[in-house]
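Down below is the structure, laid out as structure tokens.
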Amino acid sequence: MEHFNLALVDWSRAQFALTALYHWIFVPITLGTSFIIAIMETIYVKTGDEMWKRITKFWMTLFGINFAIGVATGIILEFEFGTNWSNYSWFVGDIFGAPLAIEGIMAFFMESTFIAIMFFGWNKVSKGFHLTSSWLVAIGSNLSALWILVANAWMQDPVGMHFNPDTARNEMVDFWQVLFSPTAVNKFLHVITSAYTYSALFVIGISAWYLIKKRDVIFFKRSMVVAATFGLITSLMMIITGDESARQVYRVQPMKFAAMEGLYYGQTNAPLVAIGIFEKAPNPNNPKAKEWAAKIEIPNMLSYMAALNPHAFVPGVHDLVHGNKEQGIVSYYDRIARGKTAIQALADYKAAKKAKDTEKADASLTVFKKNYKDFGYGYYDDPHDLIPNVPLTFYSFHTMVGLGTLFVLIFILTLYYVVKNKISNMKWLLYIALWSIPLGFLAQEAGWMVAEFGRQPWVVQDYMPTLTAVSNIDHTSVMITVLLFTITFTVLLIAEIKIMLKQIKGFKDGGH
Amino acid sequence: MEDIIKKVFLFYYEGFKSMTVGKRLWLIIFIKLFIMFAILKLFFFPDFLKTNFKSDSERSNYVIEQMTSPINNK
């Protein structure tokens, strides 16, 4: 492991994280507002009330700005795959190729065709056709998100594939297993419902600003009713899918699960730490290490969350590193040994093939196949290098869950007071709603950090660690691109947000 | 057929022409795309395996070598 250029790995990771962060500012709002707009337009078509048409058009304009400024930011990620992560791109190529190709085709044909009708088609196509286009934009953009999330889910739970030792590539053997793996299904549902929730906060927050300013009150109360109803439904779905996702993580990424809950020592009847503050990151080798400065626990809840059994054993970091015979957990020490055997067997196989020594090649291949499931562990000598940043994962997870719960409350209160026609008097709620826009973004990023920091050091779970995924390039060139990217995209982001704010502040409903 | 193409063209042409928020936004989008494709992609993001190796066979041999002898990035 000491042979790897960790500066290159860190800079490449920083670059990818920064790009993904910029990309994810816009994508979730696109995913959710497209549905909110489609619902608003449906009400217009059903009622014939012109105000609903103007409401639809207002949010459609903001959707359009968001869509336009977010367009193509994701392409940088694909550049980075080819330049910085070439080993990874080659290793996963066939698995990623199909979903991303489908995404490209779908995004291009569905979104670009129907978005044009959605924006330019008012009074040019029939009401019904326009409404259908709006729904197809919503469905299309969400379907294109499906494929990239399926690809990400595969990295966390690699199923439906076969590693070809001759080409060093994974080949898909079961497309449906990749698409419908429980991890992929839960990841997709959890991510899109969280994006819908964030979008609902976006609509409610902007509407709240108008109510604070006492401008176009009925217009934005109506917007709030749709967004709060949509947000309440999707945030409840988000909690359900999040709960199911936790069980998948427990099953396929037990180390991430332990990190999410700061669980260093496994136990039966495991309590859930609802709120906790680490005093310091404890050493898993030292059972006397003080783990918490303060915590509030819910008895048996973690066991129940993990296995739907309040008495189930939940492994901690220590159990995974050192093994737990009683619970049938193989130690990381053993997995490292098997991984090293697999790496050596692959090298022997390639050498034997080159020397045309069929017998030795077959024998090496058998050893490789037997140990392949621990292949990635072989790059490490110290099992403690296989532990993610526990406090960061824990705090990110609890920030996400805490904010998610807060959002449900905001939706309930907003819906209640807007239906009772008292929302304009609830200044405190309006300010909370307004500030929930950045909080929504924070929750999105916290969730992403749980998924991505929590799975470290893996880029493909158990098979490829992040440090072997990078290209053999000079890390200073990565530093330069990080710097260039940060400056350029921050300047563009500021300009884009200004356009969005100008559009919001300058709006006046012309229908009065 | 010609009529349909003309209709589609006019649909987009008139749509873009009547955009109210578009001009500055389009400018930013074009600047962004220019930076991404004409600068970043061209000078900073070459495809490592495509530019350094001629065939898939060479690429796979290289990646296996990287995976089995982790003494890289000196």
Side-chain angles (χ1 to χ4, degrees), chain A residues 1 3-5 7-9 61 64-65 68-69 71-73 75-76 79-80 82-87 89-91 116-117 119-121 124 164-169 343-344 346-347 350 375 379 464 467-468 470-475 477 480-481 484-485 488-489 492 495-496 498-499 502-503, chain B residues 4 6-74:
Chain A
M1 189 184 157
H3 302 301
F4 290 99
N5 184 344
L8 171 66
V9 176
T61 305
I65 294 170
I69 58 187
V71 79
T73 49
I75 291 172
I76 295 271
F79 293 171
E80 289 167 17
T83 306
N84 300 50
W85 304 97
S86 60
N87 289 347
S89 297
W90 186 261
F91 182 76
I117 296 168
F119 281 98
F120 305 153
K124 287 182 182 170
N164 184 337
D166 292 309
T167 59
R169 304 196 89 172
I343 292 171
Q344 188 56 52
L346 181 61
K350 286 302 283 184
F375 186 84
Y379 294 103
M464 178 172 260
L467 52 84
T468 59
V470 288
S471 308
N472 193 356
I473 54 176
D474 184 4
H475 81 267
S477 72
I480 292 168
T481 51
L484 267 178
F485 182 83
T488 313
F489 278 73
L492 288 173
E496 291 159 347
K498 274 189 171 177
I499 293 175
K502 193 180 168 192
Q503 186 65 23
Chain B
I4 294 170
K6 195 179 169 187
K7 271 185 182 171
V8 171
F9 173 77
L10 284 175
F11 179 81
Y12 278 90
Y13 177 75
E14 284 167 10
F16 279 114
K17 214 173 136 186
S18 63
M19 279 177 78
T20 49
V21 235
K23 283 177 190 165
R24 193 175 293 174
L25 199 58
W26 279 111
L27 180 71
I28 290 172
I29 291 166
F30 283 123
I31 291 172
K32 185 191 278 183
L33 291 176
F34 177 79
I35 292 169
M36 280 166 58
F37 288 99
I39 300 174
L40 289 177
K41 176 66 184 163
L42 213 59
F43 297 106
F44 295 101
F45 288 103
D47 190 304
F48 181 81
L49 292 176
K50 265 188 189 163
T51 48
N52 288 293
F53 303 96
K54 285 178 190 157
S55 66
D56 276 359
S57 161
E58 284 182 21
R59 288 177 196 117
S60 56
N61 283 336
Y62 171 77
V63 174
I64 285 190
E65 195 187 309
Q66 292 282 300
M67 288 169 68
T68 52
S69 8
I71 306 167
N72 57 1
N73 306 322
K74 286 150 271 195

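Naming convention: chains lettered A, B, ... in sequence-line order (proteins, then strands); numbering from 1 in each chain. Atoms considered below: every heavy atom in the structure, side chains included; atoms not considered: hydrogens, waters and symmetry mates.
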I need the [X] [atom1] to [Y] [atom2] distance, nearest 0.5 Å.
X      : Y      : atom1 : atom2 : answer
B/E65  : A/K350 : CD    : NZ    : 11.0 Å
A/T468 : B/Q66  : OG1   : CD    : 9.5 Å
B/I64  : A/N87  : CD1   : CG    : 11.5 Å

A/A168 versus B/S60, closest heavy-atom pair with distance: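 Between these two residues, the closest heavy atoms are CB-O, 4.1 Å.
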Quick check: do A/N472 and B/F48 have side-chain heavy atoms less than 4.5 Å from each other?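 Side chain of A/N472 against side chain of B/F48, heavy atoms only: contact under 4.5 Å found.
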Give a yes or no on whether the backbone of A/F120 and the side-chain of B/Y12 come within a donor-acceptor separation of less than 3.5 Å.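 Checked: no pair found.
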Those residues that, when tested against [X], pass side-chain hydrogen bond (donor to acceptor under 3.5 Å, both in side chains) (two or more places apart):
X      : value
A/E80  : A/T19
A/K124 : B/E14
A/T83  : none

Can you list the residues of residues 49-59 of chain B that sit under 4.5 Å from chain A, counting heavy atoms only?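 Within residues 49-59 of chain B, near chain A: B/L49, B/D56, B/R59.
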Pick one of side chain, backbone, both or neither for [X], based on which atoms fall under 4.5 Å of a heavy atom in chain B.
X      : answer
A/N84  : side chain
A/I65  : both
A/L346 : both
A/F79  : both

